[in-house]
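Keep in mind the model is a prediction, meaning the values are calculated, not measured.
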Amino acid sequence: MTIRVIIVDDQAMVRAGFAALLSAQSDIDVVGEAPDGRQGVELARRTHPDVVLMDVRMPELDGLSAAREVLAPPPGVVHRPKVLMLTTFDIDDYVYEALRAGASGFLLKDAPPADLIAAVRVVASGEALLAPSVTRRLIADFVERRPAPRRDPALRLNGLTPRETEVLELIARGLSNQEIAGRLVLAEQTVKTHIGRVLAKLGLRDRAQAVIFAYEAALVRPGDHP
């Protein structure tokens with residue numbers, strides 16, 4: 001299956017470079033580019049991409065606001081692509097908020113080309129969070145500096161079984177499905193089943209939101225090791 005991608009970034013050279021790199025892949029099709037968040041939202045609604053590469057800082061409408069509009073469309077708009085945030089900084093307030101809004105992950109603009117290609121494929125599959133250890137550090141930083149109210153998330157943990165809680169904790173610590181399976185001595189498919197149940201019970205969209213939830217519920221804390 002071909003992955004449809006749009007690139008939303010205010011730097012023309014960045015858009016051109018990313019487009020050339022991704023278009024060279026047999027399973028990725030760049031179906032459009034936009035120079036700001038407002039045009040990015042309109043382009044997403046028009047082209048129905050699988051993945052939106054969204055720059056954080058842009059004129060007209062910043063990446064956070066644009067991501068929110070793409071991920072929470074108005075009534076009548078049923079298509080919701082995956083959003084991968086692009087940032088120049090490894091710690092960025094907008095990125096954290098975008099993850100809370102439902103973005104599937106983030107990527108540093110100076111990451112190696114292979115990482116960009118892998119990121120698009122991973123986010124499109126919806127099976128894993130891009131660079132979980134890096135994302136975990138970013139989320140931990142903001143939870144530590146600006147802790148969100150934890151009472152409600154902590155109460156919602158009561159609906160999980162002990163095994164599901166254990167799986168959620170390991171997701172938040174940055175472990176992949178394969179690593180979780182090895183840690184718990186389970187089949188990888190069983191781990192995927194547990195993750196699906198965790199997301200469904202907690203009303204979470206994907207692993208990115210699961211990581212945030214685990215920190216806000218104090219299931220894991222900044223400084224914890226995998």
**Message:** I need the Glu216 CD to Gln209 CD distance, nearest 0.5 Å.
**Reply:** 10.0 Å
**Message:** Rounded at 0.5 Å granularity, tell me how far CG in Leu107 sits from CE in Met85.
**Reply:** 11.5 Å
**Asked** Where is the tightest heavy-atom contact between Ala67 and Val83, given as atom of each residue plus distance?
**Response** CB-CG1, 4.2 Å
**Asked** Is there a side-chain contact between Arg38 and Met58, using heavy atoms and a 4.5 Å cut-off?
**Response** no
**Message:** Can you tell me if Glu188 has over 12 outside heavy atoms packed within less than 6.0 Å of its CD?
**Reply:** yes
**Request:** For Ala214, enumerate each residue passing the side-chain contact (heavy atoms from CB on, under 4.5 Å) test, keeping only those at least two apart in sequence or located in another chain.
**Result:** Leu168, Ala172, Leu219, Val220
**Asked** Looking at side-chain heavy atoms only, is the closest gap between Leu61 and Arg68 below 4.5 Å?
**Response** no
**Message:** Nearest 0.5 angstrom please: Glu60 CD to Ser65 OG, how far?
**Reply:** 12.0 Å
**Item:** Which residues share a side-chain contact (heavy atoms from CB on, under 4.5 Å) with Glu164, sequence neighbours left out
**Value:** Leu160, Thr161, His194, Arg197, Val198, Lys201
**Prompt:** With a 4.5 Å heavy-atom cut-off, do Thr87 and Leu108 have their side chains touching?
**Reply:** yes
**Smallest separation among heavy atoms of Gly102 and Leu71, with atom names** = C-CD1, 3.4 Å
**Request:** Determine which pairs satisfy salt bridge (charged side-chain N to carboxylate O under 4.0 Å, His left out) with at least one residue from residues 10-23, sequence neighbours left out, and list them in order.
**Result:** Arg15-Glu33
**Message:** Quick test of your reading: applying salt bridge (charged side-chain N to carboxylate O under 4.0 Å, His left out), list the pairs with at least one residue in residues 101-111, sequence neighbours left out, ordered by first then second residue.
**Reply:** Asp9-Lys109, Asp55-Lys109
**Request:** Taking all non-hydrogen atoms of both residues into account, name the closest pair between Val30 and Ser23 and its distance.
**Result:** CG2-OG, 3.5 Å
**Item:** Inter-residue atom distance Thr190.OG1 - Asn177.CG, 0.5 Å rounding
**Value:** 11.0 Å
**Message:** Please find the pair of heavy atoms, one from Leu204 and one from Ala210, that lie closest to each other, and give the distance.
**Reply:** CD1-CA, 3.6 Å
**Message:** Which residue in the set Leu22, Val5, Ile3, Thr2 passes side chain to side chain contact (heavy atoms under 4.5 Å, CB included) when paired with Asp29?
**Reply:** Thr2
**Fill in**
Note: Ala44 and Val70 closest approach over all heavy atoms is CB-CG2, 4.2 Å
**Asked** Who are the side-chain contact (heavy atoms from CB on, under 4.5 Å) partners of Leu21, not counting sequence neighbours?
**Response** Pro113, Leu116, Ile117
**Request:** Determine, stepwise, if the pair Phe18 / Leu86 fulfils side chain to side chain contact (heavy atoms under 4.5 Å, CB included).
**Result:** CA-CA 11 Å; Phe18 284 0; Leu86 300 170; 3.7 Å; yes
**Message:** In the structure I gave you, are the side-chain heavy atoms of Ile171 and Val211 within less than 4.5 Å of one another anywhere?
**Reply:** yes
**Asked** Which side-chain hydrogen bond (donor to acceptor under 3.5 Å, both in side chains) pairs, counting each pair once, include a residue from residues 41-54, with sequence neighbours left out?
**Response** none
**Request:** Taking all heavy atoms of Val51 and all of Pro81, pick out the closest pair and write down the distance.
**Result:** N-CB, 4.4 Å
**Leu53 side chain reached by Val120 side chain, heavy atoms, under 4.5 Å** = yes
